[in-house]
Amino acid sequence: AVIFGRGLDEGLVDELEALLVTSDIGIRTAEKLLEGLKQDLSKQELKDPAAVKKRLEEKIRGIVAQKVAPLALDKGPTVLMVIGVNGVGKTTTIGKLAARYTQEGKKVVLAAGDTFRAAAVQQLEIWGERAGCVVVKGPNEADPASVIFEAIQKAKAEKADLCICDTAGRLHTKVNLMEELKKLKRVMNKAHEGAPHEVLLVLDATTGQNAITQARQFKEAVEVSSLALTKLDGTAKGGVVVAICDELGLPVRYIGIGEKVDDLRDFNADEFVGALFE
Amino acid sequence: NLEDKLSEILKKVRGHGTLSEDNIKEALRDVRLSLLEADVHFTVVKDFINAVKERAVGQEVKASLTPTQDFIRIVSEELTKIMGGRAAELDLKKKPPVIILMMGLQGSGKTTTTGKLALRLKGQGKKPLVVPADVQRPAAIDQLKTVAGQVGVDCYDTKPGMKAPDIAKLALAQADRQGQDVVLVDTAGRLAIDLELMEELREVKGILNPHYTLLVVDAMTGQDAVNVATEFKNQIGIDGVVMTKLDGDARGGAALSVRAVTGAPIYFAGIGEKMEALEVFYPDRIAQRILG
Ligand SMILES: Nc1nc2c(ncn2[C@@H]2O[C@H](COP(=O)(O)OP(=O)(O)OP(=O)(O)O)[C@@H](O)[C@H]2O)c(=O)[nH]1
Ligand SMILES: Nc1nc2c(ncn2[C@@H]2O[C@H](COP(=O)(O)OP(=O)(O)OP(=O)(O)O)[C@@H](O)[C@H]2O)c(=O)[nH]1
Ligand SMILES: [Mg+2]
Ligand SMILES: [Mg+2]
């Protein structure tokens, strides 16, 4: 517990710090938030744990409740590019999104843009079957750019509303793979001017402070539009999203709460903050 | 090395010459911040700092002529106590087949690691059988079969619709008949709080009676590492750990948390997506990395 000498009671600071840090908000962000409370609250309020907690919840809610309009499906087709490091839940999230939009009567085309990992295409194909939509794939070890190009062309020809492009998981530290991502973005624009209309970065809620680095690097490489936070059905709180929203202003569109096709929800700031504090 | 890393952190403290109780506090704060930023669990850090503090403010440092060096030595010793001094090795000199069960959260790298481990053991003269016991993830069976083909090892022919415990039984029987001397069983990713899936894992373990039950942990895991390690240890039992995706820039504090909570050796480090990307885990290297 740091410099809260006059103001917050030390026991309360310890308790709040433990709560914030163990939810992966990060020690720096936690300290910044607790420091900020001193400006926001009066001397009396700082002595009242209930008032302090309420103000802290409001502060965090203010940071993560970023305004984002629903995905506009009027771009003939809207192209959604899904990216992120290995194993975070990109392919599964795409399957869930495809099912949601197909159930809403929209025409969806999926691009099997992970041509590298074992059985990645088969995995997306099964999701396509579950969702009831077309999956465009290439031959074994095809260039992901050509698969994505072909998928967008097909989506245009079939007057699809949405084309979701799956990409291979990649660590942001791998320069050549990040360059490939930039190339894929250029190819999408070539296939359909204005594409990709949305770049969705998928983050795993069990990830610690490295998620901030991921968000920074992916944003720098391909201009991320929004985030999906998966595996919130576990014990991890995904608190690292607070620092990401604060620093990069990226909105969280969706959360993943399980492995089944319906386990996708729109991000709700109140629920998210509520879960952090329970 | 570790000492250099700590010296760096304590640079501001060194300027004071002798180590007083005040600048020990400051040094401890810096070490604490560094560990928390590296994703080491809040409580693990608290216990660690207290252990260091107890020794640092005690006679050990007070009477010393080289207090800063002693402080550094204490931190390094306490870290080594948790992480372990040297690399741990799997003991494969057991009556064959040696049975290895892979478990962990969704997406941690189990299937990939199963392939990597099979390749490594093949290189050591073993005849591995990999067993796809994940029957829920789409194309999981395909994934392990493909990987087995890439590394040139036998793969049990799991059919969709089979149940994990039956797969385990049949695969063991096959290894018996065909003479494979290591059996590596890949399982579905699961949450430790998923009662049904943890029960399934217990059942599979009961059938296999594995020599090694390995928890596969993603190096970028944050505070949740303690929950995961504790639950898997209490409910299933952990003989060892594999930490994956260490080729990224995550500091890997989860390694310290998992070690502190389970005491299980971390045998291997996954350092890439290719089948060759598996190496022995070096505790002192990761301790340096965690300190930043
Ligand atoms: N519990 C839970 N599991 C999830 C969720 N989202 C995805 N998963 C699981 O996480 C694992 C990895 O999901 P994938 O969709 O293959 O992840 P990916 O990012 O496409 O992985 P790569 O393509 O290999 O980089 C699978 O076992 C999924 O079922 C979620 O919201 N909750
Ligand atoms: N860069 C890197 N990627 C890895 C490493 N180990 C695994 N991966 C990647 O991480 C992703 C997930 O790996 P999987 O083997 O499918 O993970 P899993 O634990 O079997 O996943 P589930 O079965 O869904 O729980 C894949 O994209 C792998 O290529 C590693 O050490 N480094
Ligand atoms: Mg994928
Ligand atoms: Mg797997």
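Throughout, protein chains are lettered first and strands after them, A, B, ... in sequence-line order, and every chain is numbered starting at 1.
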Heavy-atom proximity to chain B below 4.5 Å, by part of [X]:
X: A:Gln209; answer: both
X: A:Val88; answer: side chain
X: A:Glu125; answer: neither
X: A:Val240; answer: neither

**Request:** Select, from B:Ala219, B:Gly109, B:Ala250, B:Ser108, the one with the greatest count of heavy-atom pairs under 4.5 Å involving chain A.
**Result:** B:Ala250
**Item:** Between B:Lys46, B:Gln136, B:Arg137, the one whose heavy-atom pairs under 4.5 Å with chain A are most numerous
**Value:** B:Arg137
Most contacts with chain B, counted as non-hydrogen pairs under 4.5 angstrom, among [options]:
options: A:Val21, A:Thr173, A:Leu171; answer: A:Val21
options: A:Ala18, A:Gly169, A:Gly26; answer: A:Ala18
options: A:Ser23, A:Ala119, A:Gly239; answer: A:Ala119

**Request:** Please report the closest heavy-atom contact between A:Asp24 and B:Gln223, naming both atoms and the distance.
**Result:** OD1-N, 3.0 Å
**Item:** Nearest heavy-atom neighbours spanning A:Ile126 and B:Ala139
**Value:** CD1-N, 3.6 Å
**Prompt:** Is the shortest side-chain N to carboxylate O distance from B:Glu273 to A:Arg117 below 4.0 Å?
**Reply:** no
**Message:** What I want to find out is whether B:Asp224 reaches A:Lys237 closely enough, with some N-O distance under 4.0 Å, to be called a salt bridge.
**Reply:** no
Can you tell me if [atom1] on [X] sees more than 12 non-hydrogen neighbours from other groups inside 6.0 Å?
X: B:Lys53; atom1: NZ; answer: no
X: B:Gln235; atom1: CD; answer: yes
X: B:Lys274; atom1: NZ; answer: no
X: B:Lys145; atom1: NZ; answer: yes

**Message:** Once rounded to the nearest 0.5 Å, what's the spacing between atom OG1 of B:Thr221 and atom CG of A:Asp204?
**Reply:** 7.5 Å
**Request:** Pick out which of B:Ile193, B:Val226, B:Leu191 makes a side-chain contact (heavy atoms from CB on, under 4.5 Å) with A:Thr235.
**Result:** B:Ile193
Less than 4.5 Å apart, any side-chain heavy atom of [X] and any of [Y]?
X: B:Asp218; Y: A:Thr206; value: no
X: A:Arg28; Y: B:Leu33; value: yes
X: A:Ile27; Y: B:Arg32; value: yes
X: B:Asp249; Y: A:Thr213; value: yes

**Prompt:** Quick one: what part of B:Asp247 sits under 4.5 Å from any heavy atom of chain A, side chain, backbone, both or neither?
**Reply:** both
**Fill in**
Whatever's closer than 4.5 Å to a heavy atom in chain A on B:Leu144 counts as neither
**Message:** Tell me if a side-chain donor or acceptor on B:Asn227 pairs with a main-chain N or O of A:Ala236 at a distance below 3.5 Å.
**Reply:** no
**Request:** Take A:Gln122 and B:Gln143, measure what side-chain contact (heavy atoms from CB on, under 4.5 Å) needs, and give me the verdict at the end.
**Result:** CA-CA 9 Å; A:Gln122 291 96 307; B:Gln143 187 184 358; over 6 Å; no
